[in-house]
Peer 1: 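Before I ask anything, let me first share the structure, which is written out below as structure tokens.
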Amino acid sequence: MPYPTALTIFKELKRPASISRLADMLGLDHSTISTAVSSLVAEGLAEKQRDGKKVLVKRPNTLHAHSLEDILKEYPRLPVENLFTNSSMEVLGALTQPHNITDTAAMTGLNRHTVSTALTKLSGYGIVLKEKGRFALNKRHRYTVDLVNNYWRYAANQRLRDIADDAIILWQRGPEFLFKTQTDPGHTGEKDIQPTATTVFSRYNLQIITTTRYYFHTKRRMRVEDHIIHTILIDPQNPTYNSYALALATRSGATDLLNTGRYYNMEKHIESLLEYLRTKEKNSDAVLPWSEYMDLFSSMVV
DNA sequence: CATGTCCCAAAGAGTCCACT
DNA sequence: AGTGGACTCTTTGGGACATG
């Protein structure tokens, strides 16, 4: 996550500059600049290039670096170094759809207080709009929308590169993403990458024949409701995956599906599936005729 | 019930210095 | 220019409580 000093340096990089020159310009110790530049590089917001004795730092050719440049051009007076900090970026990542503070805190795993502070700051600059107690990213700030999307996409790809080269992202919002892979990532040391969807079905004594493995990147603690929704997200219009999800919902007795569905902007879809369970009547093309679903369900139970 | 505020502790970021 | 250590300051988390 970019932090104030790093973003201040990014601002100065209208032209490539060396570490010592940046230290002079900003009146900071060269080691401070050095650390900050390293973090910028790690995040795809700077690039280093040796030039004889010096190391030239310049803006890289990444999508989020361009978005950030656009913001600086469009709103030169915006204090980006204070606005786009760690928690702000996480909060913005959650607000592609309107949510209240409590939901946003639950979605990001941040403290309610932290979310509230970030939102007050962002609202003050019109980056976030408040309507009927709910907050959402101001769509008119399109460069900010781009920055948030591109930033998190880059972060996800960085992360995945270390894990599995065949990984494909199926869903993403902010720092959280669902991906599938054929290879077993193995290193369980990655504590923010947790198995999910059909990959955890055996925990609930449900059987699925597949070699594809699904994982979710989050720092939140996942619940069975998350596993169910991830199963749907594999292919939301596909009756098979919806059936798998329903089987898991039934089997686990999940009680908070509707609420969790809201976090994933899947409220309508979940409502429709719950209605299907209640009425035992096919109510959309995303589900199987009830008798076929029952057959599938009994074939899965171990 | 959701939100805003306050406090305090812990974690993390930011800084500079000495050394390489 | 980069690294590691020591230090300070800021941000964050969590509990408690008032407000609406």
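Within every chain, numbering begins at 1; the chains are lettered A, B, ... in the order of the sequence lines, protein sequences first and strands thereafter. Values below: all heavy atoms of this structure, side chains included; hydrogens, waters and symmetry mates excluded. No experiment lies behind these values; they were computed from the predicted model shown.
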Peer 1: Please compare A:Arg112 and A:Thr117 by the position of their nearest nucleotide in DNA chain C and report the one closer to 5'.
Peer 2: A:Thr117
Peer 1: Aromatic ring centroids of A:Tyr241 and A:Tyr244 under 6.0 Å?
Peer 2: yes
Peer 1: For a quick test of reading the model: is some side-chain N or O of A:Thr102 closer than 4.0 Å to OP1 or OP2 of B:dT3?
Peer 2: yes
Peer 1: Rounded off to whole Å, could you give me the CD-to-C1' distance for the A:Glu43 and B:dA13 pair?
Peer 2: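 That distance rounds to 13 Å.
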Peer 1: Measuring centre to centre across the rings, with the benzene-like ring taken for any Trp, is A:His230 within less than 6.0 Å of A:Tyr264?
Peer 2: yes
Peer 1: Distance check needed: B:dA13 C1' versus A:Ile9 CD1, whole Å only.
Peer 2: 13 Å
Peer 1: For the pair made of CE in A:Met89 and P in C:dT12, what is the distance, rounded to whole Å?
Peer 2: 13 Å
Peer 1: In whole Å, I'd like the distance from the CG atom of A:Asn259 to the C1' atom of B:dC1.
Peer 2: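 Roughly 13 Å, once rounded to whole Å.
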Peer 1: Just the rounded figure in Å: distance from C1' of B:dT3 to CZ of A:Phe135.
Peer 2: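 Rounded to the whole Å, the gap is 9 Å.
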Peer 1: Quick check against the 3.5 Å criterion: does A:Thr199 have a side-chain atom that pairs as donor or acceptor with the backbone of A:Tyr214?
Peer 2: yes
Peer 1: Just the rounded figure in Å: distance from P of B:dC6 to NE2 of A:His113.
Peer 2: 9 Å
Peer 1: Which atom pair, heavy atoms only, marks the closest approach of A:Gln182 to A:Asp166?
Peer 2: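 Where A:Gln182 meets A:Asp166 most closely, the heavy atoms are N-OD2, 2.8 Å.
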Peer 1: Could you check how far CG of A:Leu7 sits from P of B:dA13, rounded to whole Å?
Peer 2: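 To the nearest whole Å, that distance equals 14 Å.
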Peer 1: Quick one: is A:Ser116 getting a side-chain N or O under 4.0 Å of the B:dT3 phosphate, OP1 or OP2?
Peer 2: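 Checking A:Ser116 against B:dT3: no side-chain N or O falls below 4.0 Å of OP1 or OP2.
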Peer 1: Within this structure, what is the CD-to-P distance between A:Glu90 and B:dG12, rounded to whole angstrom?
Peer 2: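 My rounded result for the distance is 13 Å.
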